**Q** 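If you scroll down you'll find the structure; I have some questions about it.
All chains are named by letter (A, B, ...) in the order of the sequence lines, taking the proteins before the strands, and each is independently numbered beginning at 1. Keep in mind the model is a prediction, meaning the values are calculated, not measured.
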2 protein chains.
Amino acid sequence: MELNDLIKQPSGWLKQVGPNSEIVFSSRVRLARNLENVVFPDWADKKQMECALAMLKASVTQLNAIKNGGLFLDIQKMTNMDKQLLVERHLVSKEHIAQADNRAVAVSSDETLSIMLNEEDHLRIQMIEPGFDLDACWEKISRIDSEMEKKLSFAFSPKWGYLTACPTNTGTGMRASVMLHLPALVMTKQINKVIQAIIKLGLTVRGLFGEGTEAAGNFFQVSNQVSLGRSEEEIIDNIKRIIRQILDYEQNARKVLISQNRISLENQVWRAYGILKNARIISSSETIELLSNVCLGIEVGIIKGLTREIINELFILTQPAHLQKIEGKSLSARQRDIKRAQLIRSKIKK
Amino acid sequence: MELNDLIKQPSGWLKQVGPNSEIVFSSRVRLARNLENVVFPDWADKKQMECALAMLKASVTQLNAIKNGGLFLDIQKMTNMDKQLLVERHLVSKEHIAQADNRAVAVSSDETLSIMLNEEDHLRIQMIEPGFDLDACWEKISRIDSEMEKKLSFAFSPKWGYLTACPTNTGTGMRASVMLHLPALVMTKQINKVIQAIIKLGLTVRGLFGEGTEAAGNFFQVSNQVSLGRSEEEIIDNIKRIIRQILDYEQNARKVLISQNRISLENQVWRAYGILKNARIISSSETIELLSNVCLGIEVGIIKGLTREIINELFILTQPAHLQKIEGKSLSARQRDIKRAQLIRSKIKK
């Protein structure tokens, strides 16, 4: 696989439909791991970074998922547009591409597995699955973790667990998260109450691109805050229990909208569809808001004959770097807005 | 013809396409006439009003245009909804239906001729033609005027001309107006300059429903301010000359939009179309704004396969009283917004 192959299709975990994908777009588990007796990236000098990268690369590239059709990318050698593409596909953090020296990323062909090398920690291993399926993420990532642990010695304290650059990750080094689409809770103005409850229960709520990003398109990423003092299974069970409650709330809110205010909901959904199908210039933020409404419309049965796959694809392909990669050249903001509208029309027409 | 037949079709002058109808929706000439030695309606007592009405009615109902398939309506006997319907079809003034006693209106079957009895003046005769055709209005209304003058003696002073309740109408008693659709002058922000120029040239600019109404949907009604000291032909020639200039300005502005900013114009036009085609709830004011954009889109060739006839029809049929008459019952504002959206979708689908 080559990097340019990515834009030909949405991420693997968006092509398929998983459990509860009417609300949960994806589940994700990531592990932070560091090499024993090797300085953490943020404290390492150039030479130390080089050495660490070499060790990590030797091991990562031997993983079956990477070896068989995956990608290994040296961030430093990438164009800014390609780096942005990786962010848009949720394969790397913004921080990782900001400091390119001796940083790399490995991605499996279906993009469910991605591994950042020399990010804040030596390894940030991420497994994404479609829908609400943290168990599958955990099962698969555990295998990758074990496979790597055979070749690399990870910094581990019997008292604290896995050691990490930031103490908030110490212990399991694990963060489990789900990407929730909660339009009905937003429309019925219950979302703030729900977010407050989630936070009180020890979880964190973020926007579409993780830490420091705002909620857009009614997407909320919910993850565990604490990774210390509990087993991975306990952490996952806890978040699963809370997510199931949120699903109930959102499902109820959708039922209420349908039964008590169907015409207003139809109005909002069909207007969004009408604009997407006809606009000639459209911004990224308007697109995500309208796609969110159309997505809800499909899920509650208002819009028929338009699939979730197309909407999921549009969420990814309408992003700035994707548009420019598809066009094969750099585009101004206005050119992107025009190209975005074209792409949406062509996909919806089908 | 009966009153309820009106709602089955748009006004006659909207069904046809007239000269310059890409910008001029309609031309209108109205004459104010009063009976000699009979008190003006606003100063008359009940008995005097009754007598005047009887005299006027006898003459008006003998006109061929009224006799042959036209309508004669006693305002007092009408429901509020039917009165409102007449206003929405530009057949009576708001003032005329506000004080119903001993007031009436006669309408020809194609609605090009309408005559208010006992409005501010004893007679307000109106002739509307599609497009830019004040000459046709004047020619036809002159004939009606002559026909009536054979049976009625009008208050006329050799020095002042026709006498009227308000001195602004004295002289010819004529007001000539055109309904202009000027979206490009509005979009290119030239409209205020143009309006100022029109006013300086002695004409008046009003909204869609004449005196005291605001411009909506980029519609502007331009009429003569002075009816005294000039012949009817001179007044009409003057307004025609100025309107021709405004047409040039609007045509140029459309060309500029198309050549310099086609994509933005397409965006605005297609978004309007997309919303009209998909909305489930839509207000009267949003409808008129969106129809205005779609109308422009048709005229400049952006939208094909949708006719001006349908748009013209929707301008009329989406008004509150029309919607309720079509539905055959009184509707709340929200019910109207839903019904309006339904009607628009059904007409555009065709």
Side-chain angles (χ1 to χ4, degrees), chain A residues 187 257-258 260-287 289-291 293-298 300-306 314 318 323 327 331-349, chain B residues 187 257-258 260-287 289-291 293-298 300-306 314 318 323 327 331-349:
Chain A
M187 285 179 203
L257 282 177
I258 282 284
Q260 291 178 11
N261 215 348
R262 185 178 179 103
I263 189 83
S264 292
L265 183 61
E266 286 183 344
N267 187 46
Q268 193 166 335
V269 164
W270 282 113
R271 279 174 177 251
Y273 174 82
I275 294 172
L276 286 172
K277 202 171 150 68
N278 287 284
R280 261 57 181 172
I281 303 173
I282 194 163
S283 72
S284 186
S285 59
E286 187 183 4
T287 298
E289 296 302 330
L290 297 179
L291 285 174
N293 284 326
V294 168
C295 185
L296 175 63
I298 293 172
V300 300
I302 290 175
I303 295 186
K304 290 172 178 100
L306 184 63
L314 283 175
T318 54
L323 287 173
E327 193 67 359
L331 300 170
S332 69
R334 185 175 169 85
Q335 288 171 326
R336 289 200 300 273
D337 288 352
I338 294 169
K339 182 76 200 162
R340 182 177 295 115
Q342 268 176 18
L343 180 76
I344 295 167
R345 291 202 308 282
S346 73
K347 292 278 176 191
I348 288 187
K349 204 172 275 173
Chain B
M187 285 179 201
L257 283 176
I258 282 284
Q260 292 176 10
N261 215 349
R262 186 178 178 102
I263 190 83
S264 292
L265 183 61
E266 286 183 347
N267 187 46
Q268 193 166 334
V269 163
W270 283 113
R271 278 173 177 252
Y273 173 83
I275 294 171
L276 286 171
K277 203 173 149 69
N278 287 284
R280 262 56 181 171
I281 303 173
I282 193 163
S283 72
S284 186
S285 59
E286 187 183 5
T287 298
E289 296 302 329
L290 297 179
L291 286 175
N293 284 326
V294 168
C295 186
L296 176 62
I298 293 172
V300 300
I302 289 174
I303 295 185
K304 291 172 177 97
L306 185 62
L314 284 174
T318 55
L323 287 173
E327 194 68 0
L331 300 170
S332 69
R334 185 178 168 84
Q335 287 171 325
R336 288 200 301 271
D337 289 351
I338 293 169
K339 182 76 198 160
R340 183 177 294 116
Q342 266 175 21
L343 180 75
I344 295 169
R345 290 201 309 282
S346 73
K347 292 279 175 188
I348 288 189
K349 205 173 273 172

**Q** Heavy-atom cut-off 4.5 Å, strictly under: side chain, backbone, both or neither for I263(A) against chain B?
**A** both
**Q** For I281(B), which atoms come within 4.5 Å of any heavy atom of chain A: side chain, backbone, both, or neither?
**A** both
**Q** For the residue pair L323(A) and L331(A), what are the closest heavy atoms and their distance?
**A** O-CD1, 4.2 Å
**Q** Could you tell me whether E286(B) and R271(A) make a salt bridge, using a distance below 4.0 angstrom between a side-chain N and a carboxylate O?
**A** yes
**Q** What pair of heavy atoms forms the shortest contact from A341(B) to A279(B), and how long is it?
**A** CB-O, 3.4 Å
**Q** In terms of heavy-atom pairs under 4.5 Å with chain B, which of K277(A), Q268(A), R280(A) leads?
**A** R280(A)
**Q** May I ask you to say whether R340(A) pairs ionically with D337(A), meaning some side-chain N is under 4.0 Å from a carboxylate O?
**A** yes
**Q** For I282(A), is it the side chain, the backbone, both or neither that has a heavy atom under 4.5 Å from a heavy atom of chain B?
**A** both
